[in-house]
Amino acid sequence: AQTVTQSQPEMSVQEAETVTLSCTYDTSESDYYLFWYKQPPSRQMILVIRQEAYKQQNATENRFSVNFQKAAKSFSLKISDSQLGDAAMYFCAYGSGGSNYKLTFGKGTLLTVNP
Amino acid sequence: DAGVTQSPTHLIKTRGQQVTLRCSPKSGHDTVSWYQQALGQGPQFIFQYYEEEERQRGNFPDRFSGHQFPNYSSELNVNALLLGDSALYLCASSLFTLYGYTFGSGTRLTVV
């Protein structure tokens, strides 16, 4: 079974600074997807960024980028130029065709952005 | 374009009762997945419906059941409610795969 571990229950960052959230996972599959979701107090899970395991290039979406280390099974999220609106719970998730496209989530990291 | 719609948004039930939660998928999506998110935890997969059949099930008891209708909407039923069933229930829809996997805002269930 796949597992996802987020070792940082809470993180804080100053507005306009950069922060990195960590995620490790365990799987025996070679073809899979990794995701970072943001969950604000509104409760809706919002996709931040996704990475296909077969792609060597790290995914980037505006201020959000990932460092995908397949051999180390590590998938960290870097948020640049942090904004107050970035404050939320962030969840790392794993999915694959082998698991019929269900998502396995970590326990989350609560990000606080200080003005 | 309407996203995933869940109803109701909040619900309070008594132990032993039964509850039905509803989900309308995003337009064009054919697969609905349900997740349970306990307070302070990540979502846990309950089950997934595709072509009106349960395609996969997580580690949840038979008290949790579901249904998908021909218009792809879905229901989650929980029987004999326990205090531990109190959680945020999230519905997600997709087009068969993980592309476009979209979540609703959830139903907050409180069992007293």
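What you see below is based on every heavy atom in this structure, not just the backbone, and it leaves out hydrogens, waters and symmetry mates. From a predicted model like this one, the values you see are computed outputs, not experimental measurements. Numbers restart at 1 for each chain; the letters A, B, ... are given by sequence-line order, proteins then strands.
Counted within 6.0 Å of CZ on B:Arg63, heavy atoms from surrounding residues, nucleotides or ligands total more than 12; the atom is thus considered enclosed.
There is no contact between A:Gln6 and chain B, counting heavy-atom distances below 4.5 Å. For B:Gln6, no part lies under 4.5 angstrom from a heavy atom of chain A. At a 4.5 Å heavy-atom cutoff, B:Phe47 makes no contact with chain A through either its backbone or its side chain.
Counting heavy-atom pairs closer than 4.5 Å to chain B, the top-ranked of the candidates A:Lys107, A:Met45, A:Met89 is A:Met45.
Closest approach of B:Pro25 to B:Val32, counting heavy atoms only: CB-CG2, 4.1 Å.
Figure legend: B:Arg55 and B:Tyr50 shown as a cation-pi pair, the cationic atom lying under 6.0 angstrom from the six-membered ring centre and within 45 degrees of its axis.
Close placement of the A:Tyr25 and A:Tyr32 rings is indicated, their centers lying within 6.0 Å of each other.
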